[in-house]
Each structure stands twice: as structure tokens, then as C-alpha cells.
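Here the structure comes first, spelled out in C-alpha cells, and everything after it is commentary.
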Amino acid sequence: MNIATWNVNSLRLRLPQIINWLLINNIDILCLQETKTPDDKFPYDAFEEVGYKSYFYGQKSYNGVAIISKYEALEVSYGLKDYDNEQKRVISITIKNNISIRIICIYCPNGQSLESNKFIYKRQWFNKLNEFLVEELLKYPNLILLGDYNIAPTDADVHDPNIWKNTILVSDEERSFFKELINIGLYDLFREFKQPSSLFSWWDYRNLSFIKNKGLRIDHILASKSIVNLCKSCFIDKTPRKNKQPSDHTPVLINLEIN
DNA sequence: ATGACTAGGTCGCCTAGA
């Protein structure tokens with residue numbers, strides 16, 4: 001089973017690229033972030049035509065998450081319980097194959113800068129996410145948390161740690177938010193495998209950043225121990241970043257040994 | 001020079017992203 005995450009920065013604009021990528025890579029489940037699409041405008045039919053169900057939680061202009069799945073969801077839930085229903089950042093589904101798996105798609109706040117009010121929101125949001133996941137893990141032992149975390153967890157995930165030192169996305173405090181997720185029993189699947197250095201999931205549109213590989217690894221797939229044991233690979237696919245009119249992020253994928 | 005892209009909204013500029 002192939003499961004992926006991709007911050008597409010506008011679903012409307014990127015729809016043909018997304019469908020093409022789904023089919024080429026034989027993806028079973030794709031988590032999308034920054035759809036920027038209200039639910040009544042969601043392109044449900046376009047995904048249905050190629051064999052996927054869609055589950056979505058969107059809004060106009062900003063944020064918005066969705067899960068595109070070959071498997072019908074047994075359950076769907078929206079947001080972090082009752083916290084923050086204004087910004088559409090979380091959607092979760094439960095699917096069943098041989099085993100039941102909880103798939104949680106997240107678009108974490110950016111934070112803007114460490115001095116910003118948006119950073120206070122980022123801190124609160126990660127606290128709520130942590131509380132939410134503690135409960136989810138009790139209910140769903142086979143859990144996968146995919147999305148744009150807006151945190152580069154270590155210096156190995158940053159093209160130039162000196163330039164980025166103590167700035168948004170790489171600060172020690174944000175890294176502590178990420179470590180909290182590890183502390184409750186989740187594993188960074190990318191780091192469960194030997195990887196080459198300087199692999200990133202996001203590159204700024206400006207300053208030829210992609211060509212110069214000046215990026216960050218801020219899109220992640222975390223999972224519970226039972227999923228780690230089923231996971232055969234985790235990698236970043238840079239090819240969509242080379243498309244015309246690309247998203248500034250590229251997908252991260254895992255393959256699970258489940259039939 | 002604190003901006004350099006890009007997307008969306010509803011405009012000929014602003015907010016937001018990371």
C-alpha cells in the first residue's frame with residue numbers, strides 16, 4: 001500500500017498534476033494540504049473518475065486539507081476536537097484492509113516569526129495536536145500522521161543551518177514541538193531508513209532555491225510502532241517540483257507491506 | 001533596500017505562505 005502527503009498550494013491550480021502523479025505512482029492514499037478550496041467547490045468527480053474517494057475539509061483562500069483514497073473511509077473526523085474550527089487544518093479517516101489504520105492529515109501553522117502572534121497560535125496548536133494524538137493513539141494503535149508540519153526537526157533537514165539558526169521553522173522551541181510527538185510514541189518514518197544527505201520537501205519559490213537545492217524538510221510522515229514494522233520504504237519524490245507551475249512542496253511517500 | 005515568488009481575492013494592491 002502506497003501512502004503519501006503533499007502540500008499542493010492550491011488544489012484548483014494543481015489538479016491535473018495531482019491526478020497525473022497519483023496514477024503514475026499507483027498511490028492508494030494521498031493527504032493534501034493547502035487546498036484553498038471550499039467544500040462546495042471540491043473536485044470530487046475528477047478524483048472519482050480515476051478511482052478515488054475524497055474526504056475534505058476546506059475553506060476559501062487559506063488552509064484546507066483533504067484525503068484522496070482508493071479505500072472507502074469507515075469514519076471521518078474533522079479538526080482537533082473542538083479546538084480551532086475556523087482554520088481547516090486537520091482531517092482524519094479510518095480505513096480497513098487486513099488491519100484498521102487511522103490516517104490523520106495535518107497542515108500545521110507556519111508561525112511567521114518567533115515574535116509574531118502567529119507563533120503563539122502555532123504553540124497552542126501543537127499543544128492541542130499533542131493532546132488530540134494521545135487520545136487517538138489509545139483508540140487507533142495503527143496510526144499514521146502525515147502532512148506539512150512547518151518544522152525542520154534537525155539541522156540535517158536544513159540546507160544551511162547557520163543561515164536558518166533560531167528562525168521560524170527551525171527554532172529549538174519548534175523542534176521541541178516535534179520531539180513531543182516522538183515522545184508520545186510516534187516515529188519519523190523518513191529517518192527509519194538510511195537516506196542520502198540534503199533531501200528536502202520544500203524549496204522557496206524565490207532565488208532559484210530549488211535549482212540550488214536550498215530547501216527544508218518540513219513535510220513528514222510519523223507513525224505508531226506497529227506501522228513502522230510494516231513500512232518498507234519512505235522517500236521524497238522531487239519530480240513534481242520540476243513541473244511547470246509547481247507547488248513549492250513536493251510529496252513524501254511510504255510503502256506499507258499490506259495486501 | 002528586509003524585497004526578491006506565487007496564489008487568491010476582487011483588483012491594480014493586499015494578505016499569506018515558509
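Order of the sequence lines fixes the chain letters, A, B, ..., with proteins taken first and strands second; residue numbering starts at 1 for each chain.
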Response to the item:
Nearest-nucleotide check on DNA chain B, A:Ser10 vs A:Asn7; residue mapping nearer the 5' end is A:Ser10

Worksheet entry | Residue whose closest nucleotide on DNA chain B lies nearer the 5' end, A:Pro246 versus A:Glu34 | A:Pro246

Item to complete: Enumerate the residue pairs fulfilling salt bridge (Lys or Arg N to Asp or Glu O under 4.0 Å) with a member in residues 226-251 of chain A, sequence neighbours excluded, ordered by first and then second residue.
Response: A:Lys232-A:Glu257

Worksheet item: For residues 90-116 of chain A, which residue pairs qualify under salt bridge (Lys or Arg N to Asp or Glu O under 4.0 Å), counting only residues two or more places apart or in two chains?
Response: A:Arg102-A:Glu136

Over how many whole Å does the gap from [X] atom [atom1] to [N] atom [atom2] extend?
X        : N      : atom1 : atom2 : result
A:Arg14  : B:dT6  : CZ    : P     : 10 Å
A:His249 : B:dA7  : NE2   : P     : 13 Å
A:Leu11  : B:dT6  : CG    : P     : 20 Å
A:Gln33  : B:dA7  : CD    : P     : 17 Å
A:Ile218 : B:dG17 : CD1   : P     : 12 Å
A:Asn9   : B:dG8  : CG    : P     : 7 Å

Between [N] and [M], how far is it from one [atom1] atom to the other, in whole Å?
N      : M      : atom1 : value
B:dG12 : B:dA7  : C1'   : 16 Å
B:dA16 : B:dT10 : P     : 14 Å
B:dG9  : B:dA4  : C1'   : 23 Å
B:dA1  : B:dC13 : P     : 25 Å

Worksheet item: A:Lys88: what forms a salt bridge (charged side-chain N to carboxylate O under 4.0 Å, His left out) with it, not counting sequence neighbours?
Response: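 Testing A:Lys88 for salt bridge (charged side-chain N to carboxylate O under 4.0 Å, His left out), a comparison that skips the adjacent residues, returns none.
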
Discussion item. Classify A:Asp219 by what it touches in the nucleic acid, base, sugar-phosphate, or nothing, heavy-atom distance under 4.0 Å.
Written reply: nothing

Item to complete: Assign A:Ile168 to base, sugar-phosphate, or nothing according to its heavy-atom contacts below 4.0 angstrom with the strands shown.
Response: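 If one applies the 4.0 Å heavy-atom cut-off, A:Ile168 turns out to touch nothing in the nucleic acid.
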
Fill in: A:Lys212 with A:Asp160: basic N within carboxylate O range, under 4.0 Å
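Here A:Lys212 does not pair with A:Asp160 in a salt bridge, since their nearest N and O are not under 4.0 Å apart.
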
Worksheet, complete the sentence: Sorted by chain and residue number, the ring-ring contact (aromatic ring centres under 6.0 Å, His included) partners of A:Tyr44 (sequence neighbours excluded) come out as none

Worksheet item: Could you go step by step and tell me if A:Cys108 and A:Asp148 meet the side-chain contact (heavy atoms from CB on, under 4.5 Å) rule?
Response: CA-CA 6 Å; A:Cys108 306; A:Asp148 177 358; 5.9 Å; no

Sequence-distant partners of [X], side-chain hydrogen bond (donor to acceptor under 3.5 Å, both in side chains), two or more places apart:
X        : value
A:Arg206 : A:Asp204
A:Asn229 : none
A:Lys214 : none

Discussion item. Any residue in residues 195-217 of chain A with a heavy atom nearer than 4.0 angstrom to DNA chain B? Just list them by number, or reply none.
Written reply: A:Trp202, A:Tyr205, A:Arg206, A:Asn207

Please list, pair by pair, any protein nitrogen or oxygen found under 3.5 Å from a nitrogen or oxygen in nucleotides 9-16 of chain B.
none

